[in-house]
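Letters A, B, ... mirror the listed sequences (proteins, then strands); counts begin at 1.
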Amino acid sequence: MQAKPLVVRDLTIHYYTLHGVVKAVRGVSFAVGRGESLCLVGESGSGKSTIGLAVLGALPSNARVVSGKILINGVNILELSEKELEEIRGKEISMIFQDPVASFNPLFTIGQVLSDIIKYKLGVRDKNEAKKLALKALSEVGLPDPERIYNSYPHELSGGMLQRAAIAVALATRPSILVADEPTTMLDVTLQAQILDLLQGLRRKLGLALLFITHNLGVVAAICDKVLVIYAGSVVEYGPVDEVLLSPLHPYTKRLIECVPRSSVKTSRLKYIPGSLPDLRKDYPGCIFAPRCSEALEKCSRIAPKFVEAKPGHFVACHKAVKAG
Amino acid sequence: MSQSREGWVIKVPLLEVHNLVKYFPLRKGLLGRIVGYVKAVDGVSFSISENETFSLVGESGSGKTTIARCVLGLLKPTSGRIVFMGKDIFKLSKEEIRWYRRNVQAVFQNPFLSLNPRMKVEDIVAEPLKVHYKDMSKEEIRRRVYDLLEKVGLTADLAKRSPYDLSGGQAQRVAIARAVILKPKLIVLDEPTSALDVSVQAQILNLLVDLKNELKLSYLMISHDLSVVRYISDWVAVMYLGKIVELAPAEELFEKPLHPYTQALLSSVPEPDPRAMRAKKRIVLRGEPPSAVNPPAGCRLHPRCPYASEECKKEEPKLVEYERGHWVACHLYTHK
Amino acid sequence: MALEDFKIILSLIKQNPVSLTGLVIVAGFIVVGVLAPYILPYPEDAWGEVYHLEKRFLPPSLEHPFGTDDMGRDVFSRVLLGARFSLIIAVGVVGLALLIGVPMGLIAGYLGGRVGTILMRITDMFLAFPPLLLAIALAATLGRGLVNTIIALAISWWPWYARLVYVQVNSIKSLPYVDAAKIIGLSPLAIMFKHVLPNALTPVTVQAALDMGSAILEAAGLSFLGVGVKPPTPEWGLLVTEGWSSINVAWWISLFPGLAILVTVLGFNLLADALREASDPRLRRILLISGRV
């Protein structure tokens with residue numbers, strides 16, 4: 001079997017702050033195959049964005065990968081020099097962000113940005129050839145009138161169009177992996193739906209491995225094949241999207257889904273998760289969710305649950321769920 | 001309106017907005033010559049009754065926030081009237097302005113930006129009392145503040161902290177406490193949960209519902225999140241480019257949306273149910289909302305609407321009562 | 001600044017050796033400046049009222065740690081007393097500039113409109129001159145002396161504070177907490193002083209700390225050019241000038257006051273950096289979150 005484009009194994013990341021070491025990511029493993037989309041879903045403080053940055057080798061200076069591996073097409077990027085990383089970024093892996101305005105330099109036109117990338121990453125020296133490729137990249141993301149967009153500055157485009165342009169830039173070099181960190185959070189719903197459709201289509205067409213980071217369970221349902229639920233830096237559940245969202249096993253996943261109001265049905269009273277995120281500087285011998293869990297057993301706070309396959313393809317780290325299953 | 005045992009009862013409106021218009025001049029050059037207007041709100045009317053939640057939904061640029069700012073007296077409308085308990089709020093005497101301020105409060109989207117970072121929680125919550133009840137004793141103020149902090153779910157030890165020491169949910173509770181301490185009749189909620197995590201959002205929404213029932217509050221809710229709107233609203237008005245396109249009781253609007261824009265919005269909302277998402281019939285709008293400087297002639301949606309006809313390009317549809325209490329501005333329903 | 005801020009700033013400074021150095025230097029400078037008249041080894045030398053022809057140009061020794069000058073005066077005593085004049089200049093210049101600049105910027109920013117425009121145009125007129133040139137011209141016109149030096153420097157500096165406050169006020173007045181204050185029913189004056197001004201002052205504090213150092217430096221510059229403080233006042237810039245002509249025979253006369261200027265200005269700069277860091281709410285928030293979540 002061919003190796004998956006993105007494999008993350010036992011990733012542990014710490015932030016060094018003035019008030020101690022924050023253990024933001026605690027032994028996270030996952031893999032994304034060709035043409036597959038995996039969602040990292042969690043609330044703020046779950047470590048999902050940190051994982052996204054780590055996969056791109058772009059962690060802030062006060063963060064360290066303490067252990068684990070990040071394999072991009074079989075190469076562990078944690079062992080690469082900054083120069084070798086630069087080579088991989090763009091060519092094999094790209095990223096799009098929440099705020100498309102911030103990902104463009106306001107002084108350059110979309111065309112200049114695109115041509116530069118095509119020139120330096122793909123080695124296309126011929127100007128006309130580069131422009132042709134750039135225009136193709138723009139029309140591929142469904143931008144009407146690519147010629148006009150090519151000559152536009154970022155401020156001349158609306159948020160939705162700019163996010164499309166950001167996708168064009170990210171995919172112009174034909175990477176095998178795309179990391180998308182909340183790319184639709186700042187967009188209106190009708191535009192969000194358009195961008196999600198676009199990403200879905202491009203993933204199928206280009207065989208992209210899509211790592212999609214979001215807090216929005218609705219977006220998860222719209223775009224993902226597989227879901228990885230993270231709480232306080234730890235993976236609590238993993239499985240196909242239908243399984244995880246429709247028959248969740250972990251109490252955290254269940255509560256999280258119950259929190260979400262629906263536009264399709266009348267909710268009489270919203271449920272919520274009592275308590276707050278644990279102190280991420282500490283180590284927890286048992287399940288990290290146990291203090292907030294309504295279904296916790298006596299041993300939950302003492303012994304860490306193993307991450308096991310409770311149903312075919314559906315993994316969970318929970319004593320109770322495994323016992324029941 | 002609401003149904004009581006005797007049948008339909010007309011409630012006294014608490015707030016009436018009559019044909020509200022707000023244009024922002026577009027200036028250019030050194031002399032600030034006016035070259036055009038952003039037609040942010042272009043003739044909007046609605047009313048809110050006592051103990052009722054009225055929501056304005058729409059995407060960015062729809063004008064919903066401008067309406068909220070007019071109601072809060074932060075902006076002066078270009079034309080139209082806003083009437084609170086029978087009084088035009090832009091023709092109030094000095095004493096009446098204080099009365100209006102006591103009765104109409106607000107909660108904003110980002111709790112960290114809506115709380116002065118240099119004040120302590122208890123001072124923030126006490127400030128409205130100090131402004132409006134100058135002779136209230138310190139002990140009385142303290143007692144009220146601490147009672148209220150407890151009621152909104154904050155422990156007393158947070159009272160001495162600064163807003164930056166709080167979590168997003170805690171900070172929003174402080175903002176809510178500040179808004180209700182004067183026992184107002186109406187609170188404007190401007191995207192009160194969109195900066196929060198879902199589990200925190202649920203707590204804040206529940207708190208708002210509880211406070212509404214207990215203190216007999218009315219809410220004017222501004223939101224782009226239809227799921228939140230359905231949970232909290234009694235009435236919903238959908239806005240597009242400065243106009244209300246549909247207005248109905250919440251259940252009615254979500255179960256039987258009439259306007260193509262409402263239908264498109266509802267069909268775009270992602271729900272945490274992958275099967276339902278796949279089964280959903282999507283109504284796709286072409287392109288993006290045009291600028292409010294030169295809104296399209298006729299129906300403002302027509303360049304993006306899948307059902308647009310020749311008539312839609314020429315004539316602007318009026319907001320008409322299609323069924324009892326259900327208003328819609330679309331030519332699909334005007335000729336029935 | 002509130003007590004709370006002070007605590008946070010102190011704890012931040014304590015954790016950073018560089019900031020701590022700044023704090024120690026500035027604290028030392030202030031202590032020396034206040035106590036100088038009472039701790040002088042040779043008070044008469046310090047005030048420059050005497051000549052000791054037999055003790056001219058003595059190199060540094062235990063008796064005279066910084067040596068003696070062309071009139072046989074103890075340089076150490078003169079530098080110590082100089083700290084007091086530099087302190088007066090620093091506080092005087094920055095204080096006076098704040099007194100004019102802050103209200104100007106606050107009124108212009110909060111009122112906006114025509115009044116704001118007029119006030120800011122006046123400010124811009126002052127800003128059009130290079131500040132040091134303006135100060136030299138003013139000092140030359142007003143005549144030499146401590147008070148005139150302070151006035152000359154303050155007049156060339158207040159526009160910078162006015163502009164800084166104006167920009168701050170302009171961005172703060174559209175923040176939701178100012179809207180919230182209006183909705184509560186607070187009067188515009190109360191909003192200005194309770195909600196806008198305290199938040200606008202944070203960067204001003206940083207700038208003021210930085211400027212204390214610059215004021216000392218520029219006052220020294222004016223003295224050096226002969227338009228500042230009158231001799232025999234032991235102002236540091238003047239001390240440097242006095243030793244200038246005999247730098248080949250007695251380097252210590254200019255060196256030690258020069259070093260005093262250098263160290264003090266450096267101290268204020270380091271402290272200003274620490275203040276800038278401590279006043280960044282995002283940084284504070286990160287610290288607090290990582291500390292308390």
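Note that CG of B:Leu72 and CG of C:Asp179 are 8.0 Å apart. Values are rounded to the nearest 0.5 Å.
Contact of B:Leu113 with chain C is made through backbone and side chain together, with heavy-atom distances under 4.5 Å. Residue contact with chain C, scored on non-hydrogen atoms closer than 4.5 Å, is absent for B:Val107. Using a 4.5 Å cut-off between heavy atoms, B:Arg178 contacts chain C through its side chain alone, with no backbone atom that close.
With chain C as partner, the option from B:Gln109, B:Arg102, B:Met119, B:Arg98 having the largest number of non-hydrogen pairs under 4.5 angstrom is B:Met119. Among B:Asn110, B:Ile97, B:Val131, B:Val104, the residue making the largest number of heavy-atom pairs under 4.5 Å with chain C is B:Val131.
The heavy-atom pair separating C:Tyr177 from B:Pro117 by the smallest distance is CE2-CD, 3.5 Å. Of all non-hydrogen atoms in C:Ala180 and B:Ser114, the two that sit nearest each other are CB-O, 4.2 Å. Across B:His132 and C:Ile184, no two heavy atoms sit closer than the pair NE2-O, 2.5 Å. The two residues C:Lys182 and B:Arg101 make their nearest non-hydrogen contact at O-NE, 3.2 Å.
Counting non-hydrogen atoms of other residues, nucleotides and ligands closer than 6.0 Å to CD of B:Glu140 gives a total above 12. Counted within 6.0 Å of NZ on B:Lys212, heavy atoms from surrounding residues, nucleotides or ligands total more than 12; the atom is thus considered enclosed. Dense packing is recorded around NZ of B:Lys216, with more than 12 heavy atoms of other residues, nucleotides or ligands lying under 6.0 Å away. Counted within 6.0 Å of CZ on B:Phe24, heavy atoms from surrounding residues, nucleotides or ligands total more than 12; the atom is thus considered enclosed. By the 6.0 Å contact criterion, OH on B:Tyr133 is enclosed, its count of non-hydrogen atoms from other residues, nucleotides or ligands being greater than 12.
Looking only at side-chain heavy atoms (C-beta outward), B:Arg118 and C:His195 stay at 4.5 Å or farther from each other.
Panel note: side chain B:Gln105, backbone C:Ile183; a donor-acceptor pair is recorded below 3.5 Å.
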